[in-house]
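Only one structure is covered here, and it is reproduced in the block below.
Model, not experiment: these values are computed from the prediction. Computed from heavy atoms alone, side chains included, the values below leave out hydrogens, waters and symmetry copies.
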Amino acid sequence: GILYVFRNVLAIPDPLVSPSSGSLAAQVETHDTLIGVLEDQLAADFFLTLISSSADQPRLKDLRPTLLDIVYYLFYRVPVSALFDQPHHTWFDGPENNSKAHNKSSRHNNFGGVYAVSTGEGTIMPVFSTREVLRPFANLFKKRAKVDKPKDAADALSVDLQWRIVDPSSIATLRRIAAVFIESCFNPFILALFEDSRMNGTVVDGFTPRLMYVSAYFVDISLANPAIDLGSTCALVQTHVFGQVMRCASAYVELKHWTGLEPAMYCLQQTLLSLSKMRGAKLDPLADNILSNLFYDGDALDLFVMLCRVYKPRKNTRAFLEQVARLTETFLDTLREYAQTKAGMVVRTKVKRRVPKTQSTMDADMDMDPGVEAEEMDDEDIGDESNLVTQVEEVLVEREFNISRYEAAFAVADVVKSYSHLLSPPSAIEHVFPMLRRIAITHQRPHLFFKKPIMQRLLTLFDDQLTYPNRSEMIDLAAWIFRQYMVVLDSPSLMAHYKAEPLDNRMAMECVMTFLKQSSAGKAVEPVITRNLIELRASTPETKLETKPENRPEEWDEEEEYLAHASSALPLGSTAASMAGAIAEINEDDLDFYGGHGDDFDFDNMLNN
């Protein structure tokens, strides 16, 4: 009950007041004052002691969710960057000098017997702090948790990301609390909470999204400060915990539980950044183990493709889309670095094969109960051609991984449409630009941008009054797209083929055309759509690619068919290759190689590689 009082008082939010309000802001912003009182009265130390003790004492298990909320509300609306605005010599420097700072943080290890807690039944329990050795790795990712659709989205606790301005007097206090929490509490406490979440039997509950957010928040702090040992926040990079976060993210996508998906993405992003930093250090074997299993599973790879395609302006926030862009780029950077160090990297994925019906029947008979007699086949049945009707089955196979082909899975209209919402006004451009350039130039699909809303958002980038990261590179990319867009508008046949939509803002178009005539932007890269292409299309009859070979065997691998089309592509740079790249559009059926559409994620056998 005492903890509920502290939790509820900390949960009272301050109104979001403009910094220009002056004295009014000081009157209504009381959260920093409350933090100061908790520090002066040793309440913060009491919370840290309970947190450290609850990790290994079963009688304190019921306090863990409330203690998690207290930690969350102590750092309520405080961005990680705010903790580093003031210069400091080391992470453990507080308001006192350096010699006392280390002693202040380490004294939490000797709290045994200082506090006593009553259980309510006349029993008094001593509370003390322990340094728990990390438990050994559990078995590989177990079966996914039970997925129950939430009855009401409002029942789930949300994460408030409306950052506030933190009073300088509170920064030192929060920095000290974070240092002690990371050093003495983080690993055992977070591991215990993830175990509690797993035992609940469902991924949709009140505290799992907040648990993932708090975990990622303190990993973010550890990555921002080199004085913190990465081993102090390595709970998230244990196989069973990382697999649990992946399963939660998969379930949130399936259930369209967006409030839970956003902190899950933040947790995945910080874990990937931590793994990248661990590589080459003393924790390299741990990082290599997690990454090898992550990149081996095709369903896990497909999850990140699906995340880029789920955004809906009426259902998701702009912050949600920014988190998608940050996570995706972090994942692709980590994947690219890992693939460069691993020769012959393979991926386990699902492919569709057509097999004779009699073969699947025989397999089913082999799995029958031994006590049930199998039905015998007559000689007439064996020769009957009706039994040779083929059916499609999904099987798991191992294929050599091709990162270029995997990145092509992002080059679809849904991804372009989603990312374009971050162009007007420009935000998270440092994460948006690599994806858009990859789609338009690397995979030669500028035609995906030729839609009226997308082109209007691209026009925003040319505004001289806007400043954003990678401005020159982004304008160069937009100019490259617009130059080919103009070529398509001049040809009714190309407009019909690409389904290009003209802009009705004549003044804006004239300004862009004037800019393109006077500027060299967008000329460094060879265009995909040129006037030579128009002449070539007029003189060359269109041919359709065969959907299947004439001598197609009874058993056919759908992936081999996709590879047959991909291998027929001409080298980039030639006119014919440019035409092929321009008219190419990914068919969603071709994504089956990566476990494409809506399949549940199964991480059971990821360590069997």
Go through the side-chain N and O atoms of Glu398 and Tyr296 and say whether any donor and acceptor fall under 3.5 Å apart. yes
Tell me whether Ser420 contacts the main-chain N or O of Lys417 through its side chain, where contact means a donor paired with an acceptor under 3.5 Å. yes
Tell me every residue that passes side chain to side chain donor-acceptor pair (under 3.5 Å) with Ser427, counting only those two or more places apart in sequence or in another chain. Arg318, Glu322
Which pair of non-hydrogen atoms, one from Leu461 and one from Ala478, has the smallest distance, and what is that distance? CD1-CB, 4.2 Å
Kindly indicate whether the side chain of His443, heavy atoms from C-beta on, has any atom under 4.5 Å from the side chain of Ser404. yes
Heavy-atom nearest pair, Ser424 first then Thr460, reads OG-OG1, 3.4 Å
With rounding to the nearest 0.5 angstrom, report the CD to CE distance, Glu400 to Met345. 10.5 Å
Ionic contact status for Glu329 with Arg438, cut-off 4.0 Å: yes
Can you say whether the rings of Phe181 and Phe218 are parallel (under 30°), tilted (30 to 60°) or perpendicular (over 60°)? tilted
Rounded to the nearest 0.5 Å, what's the gap from CD on Glu195 to CG on Leu191? Could you check? 9.0 Å
Backbone N or O of Arg405 within a donor-acceptor pair of the Asn402 side chain at under 3.5 Å? yes
Just by modelled atom types, is the Tyr72 backbone N or O under 3.5 Å from a matching donor or acceptor in the Tyr213 side chain? no
List the residues meeting salt bridge (Lys or Arg N to Asp or Glu O under 4.0 Å) with Lys256, not counting sequence neighbours, and say none if there are none. none
On a heavy-atom basis, the closest approach of Leu466 and Pro426 is CD1-CD, 3.7 Å
I need the Glu254 CD to Met306 CE distance, nearest 0.5 Å. 11.0 Å
What pairs of donor and acceptor atoms, side-chain ones from residues 428-437 against any protein atom, are under 3.5 angstrom apart with sequence neighbours left out?
none

Output yes when a side-chain donor or acceptor of Thr271 lies under 3.5 Å from a complementary backbone atom of Cys267, and no otherwise. yes
Once you round to the nearest 0.5 Å, how far does CE of Met278 lie from CG of Leu283? 5.0 Å
Any side-chain donor paired with an acceptor under 3.5 Å for Arg247 and Gln244? no
Closest heavy-atom pair and its distance - Pro188, Cys185: CD-O, 3.4 Å
With sequence neighbours left out, write down each residue that passes side chain to side chain donor-acceptor pair (under 3.5 Å) with Ser519, or none if nothing qualifies. none
Does one side chain, of Asp414 or Tyr311, offer a donor that lies under 3.5 Å from an acceptor on the other? no
Name all residues meeting the side-chain contact (heavy atoms from CB on, under 4.5 Å) criterion together with Ala224; count only those two or more places apart in sequence or in a different chain, and write none if there are none. Val80, Phe84
Test item: Val219 and Phe186 side chains (from C-beta on) under 4.5 Å apart, heavy atoms: yes
Who passes ring-ring contact (aromatic ring centres under 6.0 Å, His included) against Tyr468, sequence neighbours left out? none
Ignoring hydrogens and angles, tell me if any N or O in the side chain of Ser197 forms a donor-acceptor pair with the backbone of Phe194 under 3.5 Å. no
Using only atom types and a distance under 3.5 Å, with no angle test, would you say the side chain of Ser292 pairs donor to acceptor with the backbone of Asn289? yes
Can you sort out the partners of Asp463 under salt bridge (Lys or Arg N to Asp or Glu O under 4.0 Å), two or more places apart, ordered by chain and number? none
Donor-acceptor check, side chain of Asp69 to backbone of Arg7, threshold 3.5 angstrom: yes or no? no
Within the side chain of Arg399, is there an N or O that forms a donor-acceptor pair under 3.5 Å with the backbone of Val347? no
Asn187 side chain to Ala235 main-chain N or O, any donor-acceptor pair under 3.5 Å? yes
Nearest non-hydrogen partners of Val412 and Arg309, listed with the distance: CG2-NE, 4.1 Å
Quick one: closest heavy-atom pair of Leu422 and Ala325, and the distance? CD1-CB, 4.2 Å
Would you say Glu501's side chain and Lys452's backbone share a donor-acceptor pair under 3.5 angstrom? yes
Taking the side chain as C-beta and beyond, is there a heavy-atom pair between Leu286 and Leu275 under 4.5 Å? no
Would you give the length of the straight line joining atom CE of Met265 to atom CE of Met212, rounded to the nearest 0.5 angstrom? 10.5 Å
Under the salt bridge (Lys or Arg N to Asp or Glu O under 4.0 Å) rule, collect the residues that match up with Asp333, sequence neighbours excluded. Arg336
Residues at least two apart in sequence or cross-chain that pass side chain to side chain donor-acceptor pair (under 3.5 Å) with Asp196, listed by chain then number, are Arg64
Is the ring pair Tyr498/Phe450 parallel, tilted or perpendicular, if the boundaries are 30 and 60 degrees? perpendicular
Nearest 0.5 angstrom please: Thr233 OG1 to Ile221 CD1, how far? 10.0 Å
What I want to find out is whether Asp288 reaches Lys342 closely enough, with some N-O distance under 4.0 Å, to be called a salt bridge. yes
Restricting to side chain to side chain donor-acceptor pair (under 3.5 Å), what partner residues turn up for Lys312, sequence neighbours left out? none
Only counting residues at least two apart or in another chain, list the ones meeting ring-ring contact (aromatic ring centres under 6.0 Å, His included) with Tyr419. none
Check whether any side-chain heavy atom of Thr334 lies under 4.5 Å from a side-chain heavy atom of Leu273, and answer yes or no. no
Applying ring-ring contact (aromatic ring centres under 6.0 Å, His included) to Phe320 and Trp258, what does each step give before you reach the verdict? CA-CA 8 Å; Phe320 174 89; Trp258 311 125; 5.8 Å; yes
Answer yes if the ring centres of Phe295 and Phe331 are under 6.0 angstrom apart, and no otherwise. yes
Check each of Val214, Val241, Thr208, Leu68 against Leu193 using the side chain to side chain contact (heavy atoms under 4.5 Å, CB included) test, and report the only one that passes. Leu68
By side-chain contact (heavy atoms from CB on, under 4.5 Å) - contacts of Ala440 (at least two apart): Phe449, Leu477, Trp480, Ile481
Between Lys277 and Asp284, does any NZ, NE, NH1 or NH2 come within less than 4.0 Å of an OD or OE carboxylate oxygen? no
